[in-house]
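Any value given below was found using the heavy atoms of this structure, including those in side chains, with hydrogens, waters and symmetry copies removed. Each chain gets a letter, A, B and so on, in the order the sequences are listed, and its residues count up from 1. Model, not experiment: these values are computed from the prediction.
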Amino acid sequence: MAGRAEGELIAGFDVRRAFGASVVLSGVDIMIRRGEVVALLGGSGSGKSTLLRALAGLDPDATGTITRHGRSAVVFQEHRLLPWKRVAANVGLGLTGDVPRRVAAALAEVGLADRERAWPAELSGGQAQRVAFARALVREPDLLLLDEPFGALDALTRLRMQGLFGRLRAEHGFSALFVTHDVDEALLLSDRILLLDGGVIAEDIAVDLDHPRTPDHSGFGVLRRRLLARLGVPVLEEIAP
Amino acid sequence: MTARRWRRALTPVAVLLAWEAASRGGLIPPAKLPAPSTVLETGWRLARSGDLGEHLGDSLTRAALGLAIGGALGVLLGTVAGLIRLGDDLVDPPVQMARMLPHLALVPLVIVWVGIDESLKVTLVALGAFFPLYLNTYAGIRDVDERLVEAARTCGLSTLARVRHVVLPGSLPSLLLGLRLAIAAAWLSLVVGEQVAAQSGIGFMMMEAREFSQIDVVVLGLFVYGLLGLASDLILRAVERRALAWRVGLKAS
Ligand SMILES: Nc1ncnc2c1ncn2[C@@H]1O[C@H](COP(=O)(O)OP(=O)(O)OP(=O)(O)O)[C@@H](O)[C@H]1O
Ligand SMILES: [Mg+2]
């Protein structure tokens with residue numbers, strides 16, 4: 001396949017979706033290559049989740065051409081663990097083969113090796129979200145689709161999860177498309193930022209900053225101001241100390 | 001925890017003692033209401049003669065048979081209507097219409113249809129058990145979080161596997177509530193059915209005793225009904241504790 005040669009994992013062409021009369025996606029073209037982490041930014045209600053669901057093949061009413069290569073896994077904003085299954089059974093859901101060993105390894109990677117037998121209701125929000133990560137990772141995906149995976153977490157847990165994401169990515173080399181509201185998060189984690197506006201991808205910005213990144217990195221502020229301005233957030237000129 | 005359990009037993013015991021004392025002191029005429037000790041004595045006598053066991057056995061058989069038939073139908077149809085749109089369109093409207101009738105109002109009609117022997121009692125119990133189980137199974141399936149089903153799909157679960165791992169366990173709390181209501185309805189149907197026409201059963205025992213003014217046997221029947229209700233409640237609680245163990249933290253401590 002041509003796409004494979006170019007290392008393309010997922011491609012959407014002319015993706016459209018309307019709810020009744022309101023058109024949310026009006027012809028999105030998007031492509032994620034192997035090894036790449038792409039952030040999807042956009043205002044609230046701009047259609048980020050709608051696009052992600054369409055790309056994940058969860059929305060039968062979305063039109064357009066979507067081609068996927070390799071395995072993909074999804075992490076949602078809420079953990080979406082099945083409350084009636086213990087942590088290990090949630091992680092191993094739908095797997096075949098040497099499930100216990102793989103589940104144990106995935107849980108160890110997110111630092112929850114000792115919670116295999118816990119019920120989801122016994123976990124904190126951050127722990128539950130880590131289990132959701134383990135559930136995605138255990139499938140050894142080529143592409144992770146993440147819908148505001150850290151959105152429901154407190155600021156500190158969020159920073160830790162961003163660190164965890166960076167480590168896991170360095171280790172497994174998966175590609176990812178992650179939806180976020182947070183410009184800083186997009187700049188910290190991604191190689192490329194897509195901006196969804198007016199139902200299409202309005203901007204496609206490469207983030208050429210070295211890893212590991214910190215918000216006081218030289219190129220950070222410039223990109224940050226540009227993105228915020230594009231999102232319609234007024235930015236004050238930062239005063240030099 | 002245990003201290004609390006004992007504390008909750010205090011008032012029922014006190015009521016029994018007060019009743020006993022009032023009977024012995026002549027405050028309550030024995031022809032209207034015998035003392036608890038008299039009722040117990042009667043119970044012991046009937047148990048030893050085997051009469052009580054026979055009546056109880058007949059009543060339990062009817063309840064079990066009716067619950068099994070009506071309950072199985074209710075769960076089956078509720079599942080079909082809850083899972084499949086066509087099933088919903090075909091099954092739900094007539095059931096929703098029929099449930100508006102109090103099922104005990106059907107007694108005269110049921111007598112015409114099935115006669116007054118065993119099948120009358122079993123049919124009434126089955127009718128009583130059907131509706132709560134149908135309604136709660138249906139509602140339980142409908143209320144399963146769509147987002148969990150979607151998450152299961154991203155984990156590669158087929159439709160059948162999603163029903164098994166997501167929809168059915170998710171509707172279990174509601175189904176157990178339906179079972180609770182169904183059992184209550186089953187006892188009620190039995191009381192009515194056995195008093196209308198029967199040659200055996202706790203209800204028959206009570207009706208017969210009333211004709212011979214054996215008021216102690218009548219009260220004994222009430223005790224038995226009460227104990228049956230209590231026993232089914234305890235069994236259900238044990239089942240719920242096991243089947244819904246995952247609801248930790250949602251339970252009141
Ligand atoms: N099932 C639905 N039925 C009707 N309208 C919907 C549905 N799902 C989404 N929409 C509409 O589509 C638009 C985009 O929704 P979407 O959830 O994709 O936004 P979003 O960019 O993810 O927003 P947020 O950042 O707040 O999560 C919204 O206006 C929303 O009201
Ligand atoms: Mg969203």
Roughly how far, to the nearest 0.5 Å, is the CZ atom of R139(A) from the OG1 atom of T154(B)?
7.0 Å

Gap between atom CD of E150(B) and atom CG of D59(A) - 0.5 Å precision
8.5 Å

Taking every non-hydrogen atom, the tightest pair across L82(A) and H165(B)
CD1-O, 3.8 Å

Structural part of L81(A) lying under 4.5 Å from a heavy atom of chain B
backbone

Residue among L157(B), D145(B), L172(B) with most heavy-atom pairs under 4.5 Å to chain A
L157(B)

Is there a donor-acceptor contact under 3.5 Å from the side chain of R80(A) to the main chain of R147(B)?
yes

Taking atom CG as the centre, does L160(B) end up with more than 12 heavy-atom neighbours from other residues, nucleotides or ligands that are less than 6.0 angstrom away?
no

Are the side chain of R135(A) and the backbone N or O of C155(B) linked by a donor-acceptor pair below 3.5 Å?
no

Hey, is CD on E54(B) packed in by over 12 heavy atoms from elsewhere, all under 6.0 Å?
no

Closer than 3.5 angstrom, by distance alone: can the side chain of W84(A) be matched with the main-chain N or O of R247(B) as a donor-acceptor pair?
no

